[in-house]
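Beneath this line is the structure, given in structure tokens, with notes to follow.
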Number of protein chains: 2
Amino acid sequence: MDRQRSSPVGRPRGFDAGAALEKAMRVFWEHGYEGASLTDLTQAMGINRTSMYAAFGNKEELFRKVLNHYTEGPASYGAEALAEPTALGVATVYINGTLRSATMPDYPAGCLGLQASLVSGEDARVIRDLLAAWRDENRTLLIDRFRQAAAAGDLPPATDPELLARYVMTVSNGIAVQAAGGATRADLQPIVDAALRNWPPV
Amino acid sequence: MDRQRSSPVGRPRGFDAGAALEKAMRVFWEHGYEGASLTDLTQAMGINRTSMYAAFGNKEELFRKVLNHYTEGPASYGAEALAEPTALGVATVYINGTLRSATMPDYPAGCLGLQASLVSGEDARVIRDLLAAWRDENRTLLIDRFRQAAAAGDLPPATDPELLARYVMTVSNGIAVQAAGGATRADLQPIVDAALRNWPPV
DNA sequence: CCAGTTGTGTACCGATCGATCCGGAAGTGC
DNA sequence: GCACTTCCGGATCGATCGGTACACAACTGG
């Protein structure tokens with residue numbers, strides 16, 4: 001294994017990769033995968049295209065990195081929700097997390113994981129499938145968590161964890177679409193509250 | 001004004017414009033505005049591009065005609081819902097209409113008015129705005145109808161018609177996104193039923 | 001100082017985009 | 001039969017797409 005160098009060999013990178021990835025995330029979030037061109041991306045990132053290719057790979061590879069960044073940043077409420085001690089707490093944190101993330105000031109509206117490629121041309125099918133799998137993984141994690149809640153007696157015996165997870169995802173998706181369409185956090189908070197009233201809903 | 005001719009002058013059109021528009025609608029519904037190329041469209045419509053330009057106009061004009069066709073066909077439940085005698089009836093027909101339309105066999109899944117351009121690049125911004133306005137008009141019509149229901153005593157006095165309309169649109173959008181992601185009508189029917197339980201929800 | 005390594009900047013690539021051009025086809029009316 | 005009109009088919013257009021090539025820059029280590 002290489003001896004630890006005092007600093008790496010070669011020309012030092014002239015940009016902050018983290019900051020560039022953050023900028024790329026916002027472009028994909030606002031314009032979608034197909035609507036974001038390499039020119040849009042590199043201008044927002046403040047680097048040129050050979051630097052983008054060297055640091056992040058091609059457009060698809062960049063998008064995958066952006067999705068990870070989004071999952072750990074704006075969409076981290078997903079993991080936080082699962083850690084809640086009750087099923088109602090899980091749903092509350094999840095849906096309120098969607099609302100907060102979808103309506104942050106200085107960020108694009110909506111949810112990148114939903115809107116970057118809900119539908120697509122053939123060329124972007126791999127991205128559309130990636131995002132469908134990302135959303136479905138969220139639903140699977142919710143199902144598992146609600147099963148655990150049911151086993152712990154935290155849900156009525158007749159409650160179907162799959163239906164409950166589907167309900168939470170449906171409301172969450174609806175909230176994200178409304179936000180993308182211009183609805184504010186204030187517009188949507190009462191909708192979130194209503195959706196969580198009468199727990200469990202299914 | 002021209003005398004009524006026994007038949008029009010010039011070479012007769014070699015395709016059914018209505019059938020071609022129906023084919024174009026499915027392409028935009030499945031692939032989105034940006035994801036649908038002229039090649040995709042003309043191949044599905046069974047005509048060549050000069051025929052498409054002659055009969056329907058450019059890509060944007062074709063899309064506008066497709067949206068009208070969609071509104072009067074698969075999305076006609078919007079107008080049908082407004083004609084229901086009660087607020088609950090309106091919401092029930094509206095959301096179940098979304099579910100039915102978003103999960104029809106032999107049709108793309110989801111809602112064209114939501115997914116064809118929820119986000120976009122700059123070139124398609126006029127289409128994104130067109131669809132946002134189309135959805136917002138639906139919400140406005142629901143608000144007006146719920147105001148009417150409140151005035152008629154069909155809703156509790158404290159009910160906010162705007163919130164109620166927002167709730168119906170949110171659930172409807174969530175249902176459409178779930179369907180686009182692969183959920184079936186059977187998966188989603190209980191979610192629709194749950195969303196309509198405990199009326200009015202806000 | 002120079003070789004080697006890594007990064008940057010600009011030009012350029014083939015492919016595809018939306019849109020138009022133009023010759024020929026299929027009709028009507030005189 | 002021919003002029004005129006409308007439609008079809010294929011070629012072509014300029015612009016932009018995602019991606020690569022190559023010369024030069026900025027560093028390290030010997």
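Since the structure is predicted, the reported quantities are computational estimates derived from the model, not experimental observations. We name chains A, B, ... by the order of the sequence lines, and we start the count at 1 in each one.
- One can place CZ of A:Arg13 at 13 Å from C1' of C:dT5, the figure rounded to the nearest angstrom.
- With DNA chain D read from its 5' end, the first of the two nearest nucleotides for B:Gly14 and B:Asp123 is the one closest to B:Gly14.
- In this structure, the CZ atom of A:Phe15 is 15 Å from the P atom of C:dT6, given to the nearest Å.
- The nearest whole Å value for the distance from the CE atom in A:Met52 to the P atom in D:dG19 is 7 Å.
- Mapping B:Pro12 and B:Asp40 onto DNA chain C by nearest heavy atom places B:Asp40 at the nucleotide closer to the 5' end.
- Heavy-atom contacts from other residues, nucleotides or ligands closer than 6.0 Å to NZ of A:Lys23 number 12 or fewer.
- The separation between A:Arg11 atom CZ and C:dT6 atom C1' is 9 Å, rounded to whole Å.
- With respect to B:Arg26 and B:Glu22, a salt bridge is recorded, a charged nitrogen being found less than 4.0 Å from a carboxylate O.
- Look at A:Glu162 and A:Arg147 and you find a salt bridge, because one of the NZ, NE, NH1 or NH2 atoms lies within 4.0 Å of a carboxylate O, short of that distance.
- Look at NZ on A:Lys59: it is 14 Å from P on D:dT20, rounded to the nearest Å.
- No salt bridge links A:Glu61 with A:Arg64; every basic N to acidic carboxylate O contact stays at or beyond 4.0 Å.
- If you check D:dG19, C:dG7, C:dG18 against the side chain of B:Leu38, the one that comes closest is C:dG18.
- For A:Arg49 and D:dG19, a side-chain-to-base donor-acceptor distance below 3.5 Å is present, hydrogens and geometry of angles not being considered.
- The separation between B:Gln43 atom CD and D:dC8 atom P is 17 Å, rounded to whole Å.
- At the heavy-atom level, B:Ala36 lies under 4.0 Å from the strands shown only through sugar-phosphate atoms.
- Atom C1' of nucleotide D:dC7 and atom CZ of B:Phe56 are separated by 13 Å, given to the nearest angstrom.
- Side-chain proximity of A:Thr50 to C:dG9, D:dG18, D:dT28: nearest is C:dG9.
- Applying the 4.0 Å criterion to OP1 and OP2 of C:dA19, one finds that B:Asn58 has a side-chain N or O inside that range.
- Distance, A:Met45 CE to C:dG9 P: 13 Å, rounded to whole Å.
- Side-chain atoms of B:Asn96 and B:Gln189 form a donor-acceptor pair, as typed in the model, at a separation below 3.5 Å.
- When each of A:Asn48 and B:Tyr53 is assigned the nucleotide of DNA chain C with its nearest heavy atom, A:Asn48 is the one assigned upstream, toward the 5' end.
- A donor N or O paired with an acceptor N or O is not found under 3.5 Å between the base of C:dG7 and the side-chain atoms of A:Ser51.
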